[in-house]
A.B. asks: 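Structure incoming, see below.
Letters go in sequence order (proteins before strands), and every chain restarts at 1.
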Protein chains: 2
Amino acid sequence: MSGPLRLTVDKASPVPLYHQVAQGLEDAIRSGELPPGTKLDNEIDLANRLNLSRPTMRKAMDQLVQAGLLVRKRGVGTQVVGSQVRRSLELTSLHDDLQRTGGKPATEVRDLARLPAGDEIAALLGVQPGEEVYHVVRLRTTDGEPLALMENWVPCSICELSREQLAQDGLYSIMRAQGVGFQLAHQRVGAVGADAFQAEQLGVEPGAALVAMSRTAMDDLGRPVETGRHVYRADKYSFEFTLVQR
Amino acid sequence: MSGPLRLTVDKASPVPLYHQVAQGLEDAIRSGELPPGTKLDNEIDLANRLNLSRPTMRKAMDQLVQAGLLVRKRGVGTQVVGSQVRRSLELTSLHDDLQRTGGKPATEVRDLARLPAGDEIAALLGVQPGEEVYHVVRLRTTDGEPLALMENWVPCSICELSREQLAQDGLYSIMRAQGVGFQLAHQRVGAVGADAFQAEQLGVEPGAALVAMSRTAMDDLGRPVETGRHVYRADKYSFEFTLVQR
DNA sequence: AAGTGGTCTAGACCACGCG
DNA sequence: GCGTGGTCTAGACCACTTC
């Protein structure tokens, strides 16, 4: 591909240039304008054509390599990954994981309580055992079908939670609106057989396989602000991601 | 932390400077020399102290931010993430995922055959239906305990496989030794109830929850070179990873 | 106002793959 | 040998946070 590749950047925009370029390239790839296997022009030409410096151009391409859309090879060039399986699984969203499934999501609050943290939860949240934490249990449904049972703990010192908000807004939205700046999260994904309560809530047989996820999220100072354990119906949910060789 | 932080770089080494710095910082963090919550000096001072340019210093720190070890905040500074849960789960290894569990891993080859690709496998591998592919079934054990049942497909045109090699070396090692350069992989992780064969092989009850993983790996030209479906005993295996807000 | 990270530039040299 | 990506430099200006 040495063709035109209509792509423009707005140097006056507050959006970083490398981000504009990355977005434009990603759109071109996902739209099929740059089909799988297409060879891109070299970095310097591309940079010149957009009136950018090479480091800026490279930073844009770095993002797409990281996302698994481009493949670079020294001495050869850069190509669009040759596969249909590309999909959009960046793993970067710290928002609720369920947005992308389509359908009509709804959340029912099964429990909301303030209670003293047990040893395990206290350790995960980096607070003293006995310090008050919120305990939240929610059932997530799409189109009326149960999808996930979510149990979360949040230190009461960090924000305020109410049933009304939780039914509407998602835990992360509520916390973010109160000034909690999420930065990173550690996750563990496995499988577990449904216990009686989980089976009843999710509408499956006891012992049925469920996807189990534990997560601890941290704010911009690197301190834990939320931890949770979710179980998902295995027939309706799985985690997807892209690994990149570094 | 404005202390010395003994950290040196070797400008003559073939190892990139930013990688040396990232490695040194990571070691200092994991060893406890830089405890959770420690505030680092600013980027310019650090760069000067190591006789590096700021972009190089930043690139090193970028890696650790990406790995979830550091947290940056504009106008404030950079800190070591405040949590014990840090762990070493970069998700970067395209090697077999099982190395890190310790124990004595062993692999038994349950099947190795050349057969024409079905529609689904052909689509995943980007070959014509009916083209010959290897079908590999292996059982992975640690300390004699079954851990995973692995089923893989590889186009015969890409490399040669034998039972002897497979019992010894791991699929990826064999393929890499024959010039296949892995670059990225798409993975999907979920849960599934064990069928009769899986239950027998893994030593669990039929219907027991298993961790299910599907993966398609691609070479440096972005073409699929391997696809597989693995099931793991849920009590012995889970996937861990770190999400970073971008 | 001062200090921090976020972005960007315009060069440079090197290592690698290929013809 | 040539073209490619990989690395590195020495600056610059801006946006944001804190005091």
A.B. asks: Holding to salt bridge (Lys or Arg N to Asp or Glu O under 4.0 Å), I want the full list of residues that pass it with Glu120(A), two or more places apart in sequence or in another chain.
C.D. replies: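 If we apply the salt bridge (Lys or Arg N to Asp or Glu O under 4.0 Å) test to Glu120(A), skipping adjacent residues, the hits are Arg229(A).
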A.B. asks: May I have the distance from Asn48(B) (atom CG) to dT4(C) (atom P), rounded to whole angstrom?
C.D. replies: 12 Å
A.B. asks: Between Asp169(B) (side chain) and Ser173(B) (backbone), is there a donor-acceptor pair under 3.5 Å?
C.D. replies: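 Looks like no, no N/O pair under 3.5 Å.
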A.B. asks: Whether the Thr107(B) and Arg138(B) side chains hold a donor-acceptor pair (N or O, under 3.5 Å, no angle test) is what I'd like checked.
C.D. replies: no
A.B. asks: Please give me the minimum heavy-atom distance between Asp119(B) and Pro129(B), naming the atom from each residue.
C.D. replies: OD1-CB, 3.5 Å
A.B. asks: Rounded to whole angstroms, how far apart are CG on Asp220(A) and C1' on dT17(D)?
C.D. replies: 12 Å
A.B. asks: Would you compute the distance between atom OG1 of Thr56(B) and atom CD of Gln20(B) and round it to the nearest 0.5 angstrom?
C.D. replies: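 Separation between the atoms: 11.0 Å.
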A.B. asks: Less than 4.0 angstrom between a side-chain N/O of Asn42(A) and OP1 or OP2 of dG3(D), yes or no?
C.D. replies: no
A.B. asks: Quick one: Leu46(A) CG to dT4(D) P, roughly how many Å, whole number?
C.D. replies: 10 Å
A.B. asks: Ile44(B) has an atom CD1; how far is it from atom C1' of dC14(D), in whole Å?
C.D. replies: 13 Å
A.B. asks: Asp45(B) CG to dG3(C) P: how many Å, rounded?
C.D. replies: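 Spelled out: CG on Asp45(B) to P on dG3(C) is 11 Å.
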A.B. asks: How does each nucleotide of nucleotides 6-13 of chain D score, in 5' to 3' order, for protein heavy atoms under 4.0 Å: base (B), sugar-phosphate only (S), or none (-)?
C.D. replies: BBSBB-B-
A.B. asks: For Asn42(B), what residues pass the side chain to side chain donor-acceptor pair (under 3.5 Å) criterion, not counting sequence neighbours?
C.D. replies: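 Listed in chain order: Asp45(B).
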